[in-house]
Each structure stands twice: as C-alpha cells, then as structure tokens.
Amino acid sequence: MTSNSRVAIDVGGTFTDVVELNPATGEIRFGKVPTTPSQPTAGVLDAFGTTEAPMAEVSMFTHGTTLGLNALLTRTGARTAVIGTAGFRDVYLLGRTDRRTNYDITYKKPPSLVERYDTFEVPGRSLFDGSVHRPLDEEAARTVAATIAERGYDSVAVAFLHSYANPAHESRMREILAEVAPDVVVTVSHELSREYREYERTSTAVLDAYVKPIVRRYLERLEGELAGGGFAGRFLMTRSGGGAMTASSAREQPVSLILSGPAGGVIGATAFGELIGQPNLITIDMGGTSLDASLVIDGEPVLHQGAEFENLPINTPSLYIHTIGAGGGSIAWLDDAGALQVGPQSAGADPGPASYGRGGTQPTFTDAALAVGYMGTTAALGGRLSLDDRLALGALEPLAEKLEMTPLGLARGMIRISTTKIMGAVRAITVEVGRDPKDFALLSFGGGGGLVAVDVAHELGIPTVIVPPGQGAFSAFGMLFADVQHDFARTAVTPLAELDTPAVAASYDEMAAEASEALAAEGFAPDKQVLTRSVDVRYAGQEHTVTVPVPGGTTGVAEGLAAVVEREFTELHERQYGHVMEDPIEITTLRLRASGQVDKPTLPKLGVRESGPAEPEGHRDVYVSADQPAAPYALHTREELLAGDEIAGPAVIHEHTATTVIHAGDQLRVGAHGEMVITVQGAAS
C-alpha cells in the first residue's frame, strides 16, 4: 500500500511534537510525546508511533532538533582542531576587540570551544582578490595533519586567509587531511561562507566542526532506524535561515541546524498569517524549556545575514528569534536578595514538573498554572500525560512558606513573573528597535503560549491575539511549509558609482549554476526551483549593511542595477534607521537564495454551527487574586468549536496539546480555519 502522508517532528527540551498530514483528505493530526534526552532518536521513533500511517506510507519527513545547540550549551561537542594561515593562528581566539558590556567589571568572555594548543598554522597565502601570494606549503600541511591524527582530534576546522576569494588552499588541505588523518571529520570555511571577515568565517567553521561528529552519528542512526521501519521518502531538516535542507546536506553542514529549533514556528506563522490575512505578526512560542519571540513584517519573517551563539558569530543567514528561559518547566527559586525568580533553569523532560508525577519536586510554571486552575487534571496532555494537582501544590508549599505566602498566591506570582519576562522578550524585538507592538497581532503557540498570551497583549497594548489550530505542536506544523533552501554569497566590496554590472551578473550566474546543480541533485525539477537575488549595501565607512532585493532582469541592464539598488537602499535605510545620508554608497556582498519548492498543505475549513451558540461543558474555578480565589471560568473543548463560534471571557479553552485562557472582557471568535481570534479588552496604551 502506498500513501502520500507527510510527517513533521520537532524535538524540544521537554516534549517532542508530531504533526501528520494526509494530503488526500486534508486531515491534520497533532501529537506529543516526552523527549528522551539520553536517547535522542527514541523520542522521534516514539512520535512516529503516534501516527496513523506507518513509516512505509510516509512520503516526506521533516525534522527539527536542538541536538547541535545542546552540545554547544553543555560544551559536549567534538574535540576540535583549527588550522589557519601562518601568522594568523590566533584569529579565532582573539575574535573582535569590541565589548558589548564596556562598563561591566564582572564581565567574563564566554569559554572558547578550543584552546591555543588546538590551533595550528600552515604557510601559504592568498590575497583579497584571489591571487596567490605564496603557494601552500604541502610539506608543512602534512606535518600538521600528522600531528592532528596523533593527538586524536575528532574534527578539524580549516579557515585560511581570503579563502572566500580563492578556496584552492583549503580544498588542498582537506585532501591532505583525508590522506594523513582519514578518521578526522573536516570542515572547510569556504563551503559554509564565501564572505569576507576572517574571524566570523573561522568561527562558523569551528562551530560546524564542533557539532559535526555528533550530528552525523545522530542522523546516520536515525536514517538507519527509519529505513528499518520501511521509510523510503524524502528526509528534510529545518535550518536556522527558515527553510529546510536534506539530511545528507545537514550531515555536511550541521552549523545550519544550530538555531533551527524555533524556525518551524516562524515558517508556520508566516504561512498561516498569509492564509488569514495577517501580514504583521509578533510570534511567541512557549515550550517546555524556553520561549522564542520573533516578527513577521509585511508577510515575511525578519532575516539576519548572520547569527550568534554566546557571542560566537555564525556567518550564515538566520531568522531573527529572541529566546529567553521562560517555559512550562521553568523552576521558581529565590535569589540572593530573597526575591522570587522563575527560570531560566528548567525541569526539562526528566524529571519534568512535579505535577507530571515523574519524581520532580521543584515548583515550575506548569505546576503554578495547574494550581491556579488554568490547567486541569481530567484531560491527558497530548492524550498521554495526566497532571496531578496534589503534587503541584506539594511542590509549591515549601517555597510559599519561606515567602510567607499561600501556595496559590505563590502560583499567581510565578505566572505574573513569567508574563513580565515574556513582555520583555517582545519589547526587545519591537519597542527596543523602534517598532510599536500595537501595529501587530500576537500569534501565540507552543504548549504554554495560550496561558499567557492575553496577559502579554493586554500589558503591551496589542489589540488582537491569534491562537492557530494545533498550537501545542505548531512548530512541527510549520515544518510542513518549509522549502529546501541553499544560500550563496560572494564578497564584492565596490562603490555603487563604480559598479561593474557585467561582473555582478557573472557572479550571480555562477551562484545560480551552483544552486541549480544542488537542487537538481536533491530531486527538484527546474519548475520547482526559485532563485532570489539580493545585495548587502551600506554607506561608505559604515560597519553594518542593509540587505536590498535585486529584481530579476536588473543585472543585465547597465544603467538599471545601480539605480534600483540606490533607491531600494535609501528607502530601507530610512525605514530601519529613520534617516538617510549624503555619503557615498557601496555594496559589500552579493547573495542568492535558492529554494526547492515542496507541496504546501491546504488547511481544511471548519464547519459552521447550524443553531445556537457554543455552550460550555462546565466551569473551572480559577485563582485570580486573594479577593477572587475561585472565579468561575467557562470551560470549552477546542475540538468541539466550529467556525463563527464566539466565547466571552472569562473562559478556559483546552485542547489535545495545549490550553488557552481569556479573561473578563475578552472576546474570542473562531475563524474559518479553526484559528481563535481574541480581541483583548482595554489593552494598555
């Protein structure tokens, strides 16, 4: 039997979410299983166990994981060596001389992934224009390779000076390493980034090499287990830049996966916003361990041409996502001043919050939400996990006694603190960069997003909250929309007035040829390939750039390209920074994004209720304050709601994978595709 079923699985810190799409019927099923940190592939296979279609009937599997990120966070990556150009051995360890915290006397630079003992240099020198100043010293290269093999390194990052312009020396160094040290995994910087800035390119290569052996072993084992289960479809991984990559590409460039965990949610938010006519969105994704906030502006997610991990640059495109430690498993504790804090420490998946009944004893956000009545004990979370309110209260009591509070008063305080932290994350991506939250709708998802979204919106003056269908597994849902992507770049620092349009066109043609070859090898026909050109532009003397789209056809018109770039740059610079200048303009980097388009799911529309309003199935007492210790909130099951249904707050709407809370004065209406659109009463001005 054959099928066209598609599955997406997102491995989070606490839960592994799964979404199954049956394209023939449009039916989408959401599920949730506990994450298994000690056996990463086990949680994925458990998630497959919840799908209706067996592995042999799945045509496409899209996967997101934090495996590489966790290796960096815990410093448990591979033992890595770095090879640089003679005289530039310390490029990586020195980094940039600027400091983000000039006046913090307690500042300490994050620990490096390698020590100086792990760095090596080889004579040979290319210049910025790609010409060879000094040939690679192959005898010295072999000596270094032998030392690396003798010392037992797992991987090595090769980053030679100006290899973005001429990669020949890096390619030859890889060949020598393959001959002399065949067991060492090799990363060469030019295959990750063809851009200038030696430190950033070297850092990207080191990060890639640091996680590559771990990610390779994981993917090879997972691919073997999937094949053993009969899976023969396309296997994709989400990437930091908002698209997907094949598993084979991910094995070779795992640095693109490091910040990919929340990317699925932003991809889904962009697609869902287009479907319901909401082009400007603030997204909050509250999972078990963290909360991720991001923006969608004019129907496009905000993309940065580079990212960072603990101040270590990653010179690859990445979605703009602000992450804080505020999830369902965030633990309440007292700081040195005796003040109550929540997170960033998390109970994670093992043992998890106390209410899970798996041995956890510390009070978490989930325990607080259960104690005040936001969550219940009757419906199993994800159909598998029932919560225990007695265990939740038991975990709250010791801390409540220290603070001379009631357990419910403490729980309410924990929720307020978490809400305030989430407000800070939203302000960081809006107010602090000159954007007004009132100009956006708040799209909330993740297992905990619906518990706090209305409060966050009320405090920030956001008039509308949107809760998509399957909110608890929405990041996995978003992965179904992810096209396969490849990003190419060429450094070309040139005054705009002196732009050599034929040379620019030739560079784009070269990148386009590489892109088409890569996509064709991955099974994408020409009509499924989309190439998007852009260029980084700045005023002369500036450090940072603005990425300007290059419309098709302008690269072939001598007088067209410079004029288009100048106009677009001026408009974007004024929009982003509030001013323009008379200084000369220059380009720095030519970019091309290649997308292999996958078939997008079509969401079915809900039926409409034929008569009468949506009646609650009961009520739940919610602790609002000491003056309102048992306020009655109407209780609804989301799966029973139909398009056009309206609910007036206060109410609790529970579903298979999450819960949404609205308060007195809030109004909820169910949209055509099952989205819950909440009008927030009296949002702060």
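Across Val19, Leu480, Asn22, a single residue satisfies side-chain contact (heavy atoms from CB on, under 4.5 Å) together with Pro601, and that is Leu480. When each of Val670, Val467, Thr659 is checked for a side-chain contact (heavy atoms from CB on, under 4.5 Å) with Arg638, only Val467 meets the rule.
For the pair Leu460/Arg427, a side-chain contact is recorded, criterion being any heavy-atom separation below 4.5 Å from C-beta on. Residues Met479 and Met237 fail the side-chain proximity criterion, which asks for heavy atoms closer than 4.5 Å. No side-chain heavy atom of Val11 sits less than 4.5 Å from a side-chain heavy atom of Leu67. Counting heavy atoms from C-beta on, the side chains of Ile9 and Phe61 come closer than 4.5 Å. The side-chain heavy atoms of Ile647 and His636, taken from C-beta on, include a pair separated by under 4.5 Å. Residues Arg435 and Leu295 are in side-chain contact: their nearest non-hydrogen atoms beyond the backbone lie under 4.5 Å apart.
Between the side chains of Asp335 and Gln341, at least one donor N or O lies within less than 3.5 Å of an accepting N or O. Using modelled atom types and a 3.5 Å distance limit, the side chains of Glu617 and Thr637 yield a donor-acceptor pair. A donor and an acceptor atom, one from each side chain of Gln485 and Arg593, are located under 3.5 Å apart. Asp285 and Ser475 are linked by a side-chain donor-acceptor pair at a separation below 3.5 angstrom, with hydrogens and angles left out of the test. In this structure, a donor-acceptor pair under 3.5 Å is present between the side chains of Thr16 and Thr35. No side-chain N or O of Thr377 forms a donor-acceptor pair with one of Asp389 less than 3.5 Å apart. A side-chain N or O of Glu655 and one of Gln471 form a donor-acceptor pair less than 3.5 Å apart.
Residues Tyr633 and Tyr374 keep their aromatic ring centres 6.0 Å or farther apart.
Note: Tyr320 and His304 have parallel aromatic rings, judged against thresholds of 30 and 60 degrees for the angle between ring planes. By the 30° and 60° cut-offs, the orientation of the rings of Phe477 relative to Phe481 is perpendicular.
A salt bridge links Glu52 to Arg29: at least one charged side-chain nitrogen sits closer than 4.0 Å to a carboxylate oxygen. Using a 4.0 Å cut-off between a side-chain N of Lys or Arg and a carboxylate O of Asp or Glu, Arg6 and Asp599 do not qualify as a salt bridge.
With values rounded to the nearest 0.5 angstrom, Leu410 atom CG is found 11.0 Å from Glu401 atom CD. The NZ atom of Lys438 sits 10.5 Å away from the CD1 atom of Ile462 when rounded to the nearest 0.5 Å.
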Item checked: side chain to side chain contact (heavy atoms under 4.5 Å, CB included) between Asp645 and Arg669, worked out -> CA-CA 6 Å; Asp645 283 349; Arg669 181 179 176 83; over 6 Å; no
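A distance-only check finds no donor-acceptor pair linking the side chain of Asp292 to the backbone of Thr323 [under 3.5 Å].
In terms of heavy atoms, Ser444 sits closest to Gly450 at OG-N, 3.5 Å.
Listed by chain and number, the residues in a salt bridge (charged side-chain N to carboxylate O under 4.0 Å, His left out) with Arg390 are Asp388 (sequence neighbours excluded).
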